[in-house]
Structures are given as C-alpha cells and as structure tokens.
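Just so you know, these numbers come straight off a predicted model, no measurement behind them.
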Amino acid sequence: MTALNELTIADARDALAKGDTSAVDLTNACLSAIDAAGALNAFVHHTADQARDMAAAADARIRAGDAAPMTGIPLGIKDLFCTKGVPGQAASRILQGFLPEYESTVTQNLWNAGAVMLGKLNMDEFAMGSSNETSVYGNAVNPWRGADGAALTPGGSSGGSAAAVAADLCLAATGTDTGGSIRQPAAFTGTVGLKPTYGRVSRWGTIAFASSLDQAGPMTKTVRDAAIMLGAMASGDDKDSTCADLPVPDYEAALSGDIRGKKIGIPREYRMDGMPGEIADLWQKGADMLRDAGAEIVDISLPHTKYALPAYYVIAPAEASSNLARYDGVRYGHRAKLGRGDGITEMYEKTRAEGFGPEVQRRIMIGTYVLSAGFYDAYYNRARKVRALIKRDFDQAYASGIDAILTPATPSSAFALGAMESADPVEMYLNDVFTVTVNLAGLPGISVPVGLDNKGLPLGLQLIGRPFEEGDLLNHAFVLERAAGFVAKPERWW
C-alpha cells in the first residue's frame with residue numbers, strides 16, 4: 001500500500017475528494033518523513049505547527065465543497081521565496097535573521113489554492129550553483145546513491161526541492177530556474193521539473209539573482225502534477241511589470257496524450273564533442289518514443305547555441321552584481337562587527353566579505369567587471385546581442401512549424417558531492433550547457449525522467465516549447481513520460 005507521503009498531487013487530490021484521507025493526515029505523513037530524513041538536509045526551516053493549521057483549514061474547505069486542485073497538498077518551498085513570518089535567507093549568511101513581512105505572489109497563489117507549507121528548502125546561495133554546495137546550511141544530499149555508495153549532489157540550485165520530492169518528503173515543491181536550476185536537479189533525481197515561459201509566473205517576492213532570466217516553476221513526481229501545480233502558481237501580477245497579463249489555461253486538461261502530426265525538432269548543435277554514449281542513446285530513444293506516438297522527428301539547426309554558455313555567464317553575473325548591491329548590512333540581515341575607526345565603507349566591505357560565499361563573490365566580481373566603463377561594450381553589450389541571436393534561432397525554428405524541441409537535460413547523471421571542488425569553475429558551469437539557451441530565449445522547458453544510466457542513476461530528457469504554450473509542452477512531456485514508463489525510486493538509506 002502506498003504511504004500517504006508517496007502519493008502524487010493528482011492521487012492525493014482524488015483521495016481527499018473521496019474522503020479516503022485528510023489533509024491533516026497527509027501533512028503528518030510528510031512531517032514524519034521529514035523528521036526521519038535529516039541526513040538529506042533538504043528542509044532548512046521547519047513550519048510544522050503552521051502546516052497542521054493550514055491542513056486543518058484545507059480539510060474544512062474540502063468539507064464545505066470549496067476545494068481547489070491544490071487544496072490540502074503539502075509542499076516544500078525553496079528558500080528563495082519570501083514567506084511572511086518565516087525565515088527566507090536564499091541560503092546565504094548575508095540574510096541571516098531576515099523574516100519577510102510579505103508573501104511572494106507564487107506562494108500566496110498556492111495558499112489561496114489551499115496548499116500547505118511544510119517548510120523551506122535548501123538551495124545554492126542566491127541560486128548560484130549547480131550542486132547545492134554553496135549553501136550556508138551545508139549541501140543537500142541526493143536520495144540516490146552512487147554504485148560505490150558515494151553521496152551524490154541533488155543538483156542546483158533547487159537541490160533541496162529535488163531531493164525532497166524524490167525522497168517523498170513532500171508531494172511537490174517550488175523551484176526557480178535561472179539557467180537550469182529546476183531542470184538539472186530534476187534530471188539528477190528522477191523527478192519532473194518545469195521552467196515556465198519568462199513572465200508566466202510572477203517574480204514578485206522571489207529573491208532575485210538575474211532578473212531577466214529568473215523564473216519560478218513546479219518540481220513534481222509526474223507531468224500531470226506539474227500541470228496541476230503550474231495552474232495554481234501562475235497568474236498576472238501588477239506588482240511585477242515583467243509578468244504577462246494572460247489567462248491561465250487548464251493545463252491538466254491539455255494532457256490529451258495525442259501528439260500525432262506534431263513536429264519535434266532535434267537540434268544538431270546539441271550533439272557536442274565528448275557527449276557520453278548513454279546520453280546520446282537516451283536522446284535517440286526519446287526521439288523514437290515520440291515518433292512511435294505519431295510525431296514527426298525533424299533535424300533542425302540552432303546555430304548560435306555554442307555562444308549560449310559564455311553569453312549567459314556574462315549576463316547573469318552582471319544582473320547579480322546589480323541585484324545583490326542592496327545587501328549592505330544597513331537595514332536587515334548580517335552586519336559585520338566593526339573596529340574602532342571603521343566607517344560606513346568598512347562596514348559595507350566587511351559585511352559583504354563575511355556575508356557572501358566564494359561563488360557569490362566570484363559572480364559579483366565578474367558582473368561588476370563586465371559592467372565597468374571600459375568593458376561594458378566588449379562583454380555585456382556583446383552578450384546581449386548574442387542573446388538576441390539565440391532567441392531568433394528558436395523563433396525561426398518554431399516559425400518553420402516545429403512544435404517542440406527535444407534535447408538531453410544534462411551532460412551526465414548526478415556526480416559525487418565534492419567532485420568539483422578542486423576543478424576549474426567552468427567545469428561546474430558546463431552542467432548548464434543544455435539548459436541556459438531556454439532562459440536566454442525566455443522559453444518554457446521541462447525535464448522528464450526517461451531512464452537509468454549504467455550506474456543505476458536517473459537521466460532526464462528536456463523538451464522545449466513555444467512561448468506561453470505550456471499546455472502543449474506538458475502534453476508532449478506527458479507522452480514521453482508514459483512511453484518511458486520511468487518508475488524507479490531511490491533505495492532508502494537515510
């Protein structure tokens with residue numbers, strides 16, 4: 001018999017509607033699983049009392065016949081989302097002690113839909129990282145183990161979210177994706193991760209990394225769950241000028257399972273030198289699955305792909321440099337102790353040196369450099385022009401009749417924690433090689449678990465959709481998920 005915390009959103013919703021279980025029981029099952037999973041270090045702020053109160057309110061709402069699809073569903077919330085009265089640190093020392101006095105639009109939408117908050121989830125500091133090893137809380141741990149028993153990364157920056165969903169500590173979680181931070185952790189943990197179109201989900205109340213790239217999305221156990229949760233998260237928002245004022249479709253209703261006649265693009269530029277054979281084989285397997293479902297597989301070209309990673313690692317640090325200038329120790333968060341004779345300049349310098357970790361400092365310095373007067377045109381403006389060319393590549397592909405694009409999600413399965421510590425930082429950045437183009441072009445993308453590698457670890461494939469056509473993208477992902485039949489779960493060791 002499936003334990004309550006192992007249910008999907010869809011199954012839990014149906015069980016709640018039938019009266020087979022209660023939101024309080026669901027929540028208690030998740031809280032017990034969280035308490036037993038300290039070794040994963042996924043949850044960093046616990047809100048058990050609040051969760052039980054929210055669950056009781058959800059049960060009352062269900063009894064009153066006023067239930068929304070997310071009513072009573074226990075969720076984990078990435079530490080990047082401001083939640084009123086609950087610590088929000090972005091996994092950074094600089095925000096130590098910060099208690100938001102307001103609720104992010106995403107979480108408010110979820111609470112309005114009746115969802116339950118179990119607590120806040122671990123992540124890379126300010127979402128800067130691909131392994132969850134830059135967190136002030138220490139790294140989250142992937143519930144999957146290497147063949148030799150080695151502890152693996154759950155990916156980043158939404159590593160705590162991915163680990164929590166994969167280990168059934170919650171029914172789903174929120175994540176954010178600036179260059180792959182939802183899709184890469186999902187691929188590493190055998191879960192589903194959806195990055196919506198830029199502007200589909202409000203960024204208000206989400207602590208900023210790179211404002212033109214950041215987008216919140218759901219991390220779930222199935223594609224259907226991603227459709228349900230996105231429907232609750234998305235909305236227009238007058239408080240976010242970049243949020244699109246568009247109706248939110250019924251994404252679950254779009255899951256027809258019929259993709260006959262659809263054209264799936266396979267970009268030749270993603271066949272990179274040194275790609276592991278099992279990644280290439282999985283990619284081909286995914287294309288075959290979609291062809292067998294009635295889709296037409298078409299080779300396409302996205303010629304500026306090779307410039308995406310360097311352009312991203314100019315634009316994102318530049319925006320981070322600007323966004324993180326507000327953390328100075330004056331109004332909230334960490335403030336360094338000052339020596340006799342220290343003034344305001346010394347306070348800024350010491351506070352930021354103590355408050356930001358090495359990776360965040362590295363990106364702030366890179367961003368400040370590329371925005372400086374002597375290098376603005378040579379780096380930042382050039383990267384913006386490359387970004388426009390990358391977007392044009394996708395626009396031309398979709399204009400030619402392509403409905404979705406299929407690529408690998410990651411260049412490998414999850415790697416061991418600590419494996420990249422002594423490496424050139426660029427090696428870590430290469431984890432984003434298949435995902436950053438989607439953020440630069442503002443498109444929706446989803447990672448779906450499709451198989452296991454030769455070490456028994458999950459591998460995902462990525463589908464990229466047309467802007468604001470998440471319903472169509474989710475339907476393609478639904479077909480791929482069904483054909484792959486991925487049901488593997490990590491063996492419990494924690």
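- Ile228 is listed as a side-chain neighbour of Arg224, based on a closest heavy-atom distance under 4.5 Å.
- More than 12 heavy atoms of other residues, nucleotides or ligands lie within 6.0 Å of NZ in Lys489, so this atom counts as buried by the packing criterion.
- Residue Tyr270 places its OH atom among more than 12 non-hydrogen atoms of other residues, nucleotides or ligands, all under 6.0 Å distant.
- Relative ring orientation between Tyr369 and Tyr379 is described as tilted, the plane-to-plane angle lying within the 30° to 60° band.
- Around CG of Asp292, the count of heavy atoms belonging to other residues, nucleotides or ligands within 6.0 Å exceeds 12.
- Using a 4.5 Å heavy-atom cutoff, the side chains of Leu461 and Leu282 are in contact.
- Aromatic pair Tyr327/Phe98: ring centres not closer than 6.0 Å.
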Test side chain to side chain donor-acceptor pair (under 3.5 Å) applied to Gln184 and Ser447, step by step: CA-CA 8 Å; Gln184 182 246 31; Ser447 176; over 6 Å; no
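- No donor-acceptor pair closer than 3.5 Å links the side chain of Ser413 to the backbone N or O of Pro458.
- Atom CG of Leu194 sits about 9.0 Å away from atom CG of Asp177, to the nearest 0.5 Å.
- Put simply, the side chain of Pro267 reaches to within 4.5 Å of the side chain of Ile405, judged on heavy atoms.
- The local environment of CG in Asn454 is crowded, with over 12 non-hydrogen atoms from other residues, nucleotides or ligands closer than 6.0 Å.
- Side-chain contact between Val201 and Leu230 is present, with heavy atoms from C-beta onward closer than 4.5 Å.
- In this structure the side chain of Thr134 never reaches within 4.5 angstrom of the side chain of Val360, judged on heavy atoms.
- Remark: the backbone N or O of Ile259 is not paired with any side-chain donor or acceptor of Asn475 at under 3.5 angstrom.
- Within a 6.0 Å sphere centred on CZ of Arg382, heavy atoms belonging to other residues, nucleotides or ligands number 12 at most.
- Panel note: side chain Asn122, backbone Val44; no donor-acceptor pair is recorded below 3.5 Å.
- For the pair Glu319/Ser212, a side-chain contact is recorded, criterion being any heavy-atom separation below 4.5 Å from C-beta on.
- Proximity of Leu389 to Tyr307: side-chain heavy atoms (C-beta onward) are nowhere separated by under 4.5 Å.
- Other residues, nucleotides and ligands contribute only 12 or fewer heavy atoms inside 6.0 Å of the NZ atom of Lys385.
- A salt bridge links Arg291 and Asp288; the closest N-O separation between the charged side-chain nitrogens and carboxylate oxygens is under 4.0 Å.
- At least one side-chain heavy atom of Ser131 sits less than 4.5 Å from a side-chain heavy atom of Phe415.
- Side-chain atoms of Asp214 never come within 3.5 Å of backbone atoms of Thr178 as a donor-acceptor pair (strictly under, hydrogens ignored).
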Stepwise side chain to side chain donor-acceptor pair (under 3.5 Å) test for Ser202 and Asp237: CA-CA 6 Å; Ser202 172; Asp237 188 3; 2.6 Å; yes
